Amino acid sequence: MLYDSDGQSLLDDHALRILIALHQESLTAQEIATRYRVPIAACYRRIRRLVSLDLISEAGFVTEGRRRPARLYKSEVDRFQIMYGNGKMLLQLLLRNGTEAKTVVGVPPDVGVSERAPPPPHEVGQYPSA
């Protein structure tokens, strides 16, 4: 499970944006911050956390058009599934190395949640790995 010592999920809104971004392609921290509206300092903090959890890894460097090389990061998530029920979202991750991780994530404040019963879960499908 992906929780800290206080029982809080280690994957907040910024970390989830980074995971989704890197699932699609390898990017630098600056590219993630710009494209996905994650403040650069928060981006670097979340990247360090995600690397320590083995959810992302370094994929090399970009040097073209730069004074200094910039690290590229890639996702180690092979597939993920999000399930919603009882006012909570469960995120289940299957990593490329075959391990599985689960965590409950908060519903973002800009997502409206109705009081009626949610529809039954359905298969989302497999997302291509970056």
Side-chain angles (χ1 to χ4, degrees):
M1 296 289 216
L2 302 171
Y3 298 101
D4 65 13
S5 59
D6 296 327
Q8 298 295 314
S9 175
L10 292 173
L11 300 179
D12 61 6
D13 184 49
H14 292 319
L16 291 173
R17 287 175 194 241
I18 293 168
L19 275 177
I20 290 168
L22 294 178
H23 195 72
Q24 297 171 20
E25 62 183 313
S26 296
L27 298 168
T28 66
Q30 187 63 50
E31 290 169 328
I32 294 167
T34 302
R35 290 187 200 174
Y36 294 90
R37 296 182 181 169
V38 177
I40 191 67
C43 189
Y44 278 113
R45 283 193 304 272
R46 296 327 184 279
I47 284 173
R48 282 193 300 273
R49 179 187 300 159
L50 293 169
V51 167
S52 74
L53 293 170
D54 295 325
L55 297 180
I56 65 173
S57 63
E58 290 184 19
F61 292 90
V62 174
T63 56
E64 191 173 310
R66 297 175 177 269
R67 287 188 281 178
R68 293 184 340 190
R71 282 190 173 92
L72 274 173
Y73 297 95
K74 68 177 183 175
S75 173
E76 291 300 326
V77 176
D78 183 44
R79 291 179 297 193
F80 62 90
Q81 182 176 16
I82 299 172
M83 294 169 279
Y84 177 78
N86 299 326
K88 295 182 181 179
M89 285 193 320
L90 175 68
L91 175 63
Q92 181 176 348
L93 304 165
L94 180 62
L95 305 182
R96 289 189 180 129
N97 65 11
T99 60
E100 185 177 305
K102 295 179 184 180
T103 190
V104 174
V105 294
V107 177
D110 58 345
V111 174
V113 178
S114 71
E115 294 298 320
R116 59 184 192 162
H122 62 281
E123 286 297 316
V124 176
Q126 185 170 342
Y127 292 87
S129 296

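Just so it is clear, the structure is predicted and the values come from calculations on it, not from any experiment.
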Quick one, I82 and L90 - any side-chain contact, counting heavy atoms below 4.5 Å? no
In terms of heavy-atom contacts, D54 and L95 come closest through O-CD1, 4.0 Å
Residues passing the side-chain contact (heavy atoms from CB on, under 4.5 Å) test with R67, sequence neighbours excluded, are none
Given side chains that start at C-beta, do those of L91 and L16 come closer than 4.5 Å, heavy atoms only? yes
H14 versus C43: any side-chain heavy-atom pair under 4.5 Å? no
Nearest 0.5 Å please: distance from the CD atom of E58 over to the CD1 atom of I47. 10.0 Å
Enter the distance from L55:CG to Y73:OH here, rounded to the nearest 0.5 Å. 14.5 Å
Tightest non-hydrogen contact, residues V38 and R17, listed as CG2-CD, 3.9 Å
Sequence neighbours left out, what passes side-chain contact (heavy atoms from CB on, under 4.5 Å) with Q30? Give chain and number order. T28, T34, I40
At their closest point, which heavy atom of I18 faces which heavy atom of R46, and how far apart are they? CD1-CB, 3.5 Å
Here the gap from E76 atom CD to L19 atom CG, rounded to the nearest 0.5 Å, amounts to 11.0 Å
Connected-component partners of F61 among ILVMFWY, side-chain separation under 4.5 Å: none
With a 4.5 Å limit on heavy-atom distance, are the side chains of E31 and Y36 in contact? no
Those residues that, when tested against R35, pass salt bridge (charged side-chain N to carboxylate O under 4.0 Å, His left out) (two or more places apart): E25
Starting from L94, walk the hydrophobic network (Ile, Leu, Val, Met, Phe, Trp, Tyr; side-chain heavy atoms closer than 4.5 Å) and list everyone else you reach, by chain and number. none
Could you pull out the closest heavy-atom pair between T63 and P69, with the gap in Å? CG2-CB, 3.8 Å
